[in-house]
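What follows is a set of notes on a single structure, which appears directly below.
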Amino acid sequence: MRPGYLILSLWLTILPAAGAAFDDTALEQPARALEAQLISPCCWSQPVSMHYSPAAGRMRVEIRRLLSEGMTPEQVREAFVAQYGERILAAPPVRGFFGLSYWLPILALLAGAGVVTVYYRTHRHSPRETPPAQPARIDPGWARRLEAELEE
């Protein structure tokens with residue numbers, strides 16, 4: 001066997017094992033989930049997972065540090081809420097004014113459907129309700145004058 005193939009086969013055998021030693025999925029999965037749930041405090045426009053700023057980088061490090069210290073993801077989220085307020089959450093809690101933001105579109109859709117239904121029921125005409133077409137009544141004097149003008 002050639003030495004190049006031997007080195008390559010050893011490298012391909014050792015590389016996955018070395019990667020598994022550094023892979024901390026037990027810490028990384030909750031950290032990434034928290035990054036998606038928290039807004040970056042530098043501009044309050046994007047989640048930490050999608051924002052690339054120094055503040056978002058510090059939050060990523062802080063999230064992983066708190067998780068490695070043994071805090072649960074809920075405790076980490078509550079720690080950030082205590083520090084920054086509920087504004088830090090990407091999805092506001094479903095209570096109070098924020099609950100209205102969840103229910104208002106549904107209520108508006110139901111109200112709109114009700115208005116369309118009532119309008120349709122009151123303004124539709126069935127063929128039986130339509131009065132039969134009757135010829136227009138013309139004043140006899142106008143009828144004679146029209147006939148005289150048409151004859152000329």
Side-chain angles (χ1 to χ4, degrees), residues 1-138 142 146:
M1 183 177 220
R2 292 182 151 176
Y5 289 125
L6 180 63
I7 292 172
L8 181 63
S9 64
L10 286 173
W11 180 257
L12 292 176
T13 307
I14 295 172
L15 188 63
F22 293 111
D23 187 25
D24 191 9
T25 56
L27 177 69
E28 195 61 29
Q29 288 176 349
R32 289 189 185 198
L34 280 169
E35 288 175 6
Q37 295 172 6
L38 299 173
I39 298 290
S40 181
C42 61
C43 62
W44 301 102
S45 64
Q46 290 180 325
V48 174
S49 61
M50 296 169 42
H51 198 69
Y52 299 102
S53 69
R58 286 190 298 271
M59 281 187 71
R60 285 186 190 97
V61 170
E62 182 71 12
I63 289 170
R64 282 165 180 74
R65 183 185 66 79
L66 292 173
L67 287 172
S68 67
E69 289 177 357
M71 292 179 77
T72 64
E74 291 80 21
Q75 290 171 334
V76 173
R77 187 175 32 254
E78 291 303 318
F80 279 105
V81 168
Q83 183 177 358
Y84 294 102
E86 286 188 346
R87 184 177 183 188
I88 197 78
L89 297 175
V94 185
R95 66 174 187 269
F97 178 74
F98 295 119
L100 184 64
S101 67
Y102 285 98
W103 290 104
L104 192 60
I106 295 169
L107 294 175
L109 184 65
L110 291 175
V115 167
V116 168
T117 303
V118 168
Y119 179 80
Y120 176 72
R121 286 186 179 180
T122 58
H123 288 87
R124 70 176 176 173
H125 297 286
S126 65
R128 286 176 270 150
E129 294 177 2
T130 321
Q134 296 182 3
R137 294 186 179 184
I138 300 176
W142 285 100
L146 178 64

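Given the structure is predicted, the values throughout are model-derived calculations rather than measurements.
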Quiz item: Got a sec, which residues hit side chain to side chain donor-acceptor pair (under 3.5 Å) with Arg65, two or more places apart in sequence or on another chain?
Solution: Glu62, Glu69

Quiz item: Looking only at heavy atoms, what is the nearest atom pair of Tyr119 and Thr122, with distance?
Solution: O-OG1, 3.2 Å

Output the distance between atom [atom1] ([X]) and atom [atom2] ([Y]), rounded to the nearest 0.5 Å.
X     : Y     : atom1 : atom2 : value
Gln37 : Phe80 : CD    : CZ    : 12.0 Å
Arg87 : Leu38 : CZ    : CG    : 14.0 Å
Ser53 : Arg58 : OG    : CZ    : 7.5 Å
Leu66 : Thr72 : CG    : OG1   : 10.5 Å
Ile63 : Arg77 : CD1   : CZ    : 10.5 Å

Quiz item: For residues 38-48, which residue pairs qualify under side chain to side chain donor-acceptor pair (under 3.5 Å), counting only residues two or more places apart or in two chains?
Solution: Gln46-His51

Practice problem: Let me see the working for Leu67 and Arg64 under side-chain contact (heavy atoms from CB on, under 4.5 Å), right down to the final yes or no. | Solution: CA-CA 5 Å; Leu67 287 172; Arg64 282 165 180 74; 5.5 Å; no

Quiz item: Would a distance-only check, ignoring hydrogens and angles, find a side-chain to backbone donor-acceptor pair under 3.5 Å from Arg32 to Ser49?
Solution: no

Quiz item: Run the side-chain contact (heavy atoms from CB on, under 4.5 Å) check on Leu89 and Ile39 step by step: do they pass?
Solution: CA-CA 6 Å; Leu89 297 175; Ile39 298 290; over 6 Å; no

Exercise. List the steps and the verdict of side-chain contact (heavy atoms from CB on, under 4.5 Å) for Ile106 and Trp103.
Key: CA-CA 5 Å; Ile106 295 169; Trp103 290 104; 4.2 Å; yes

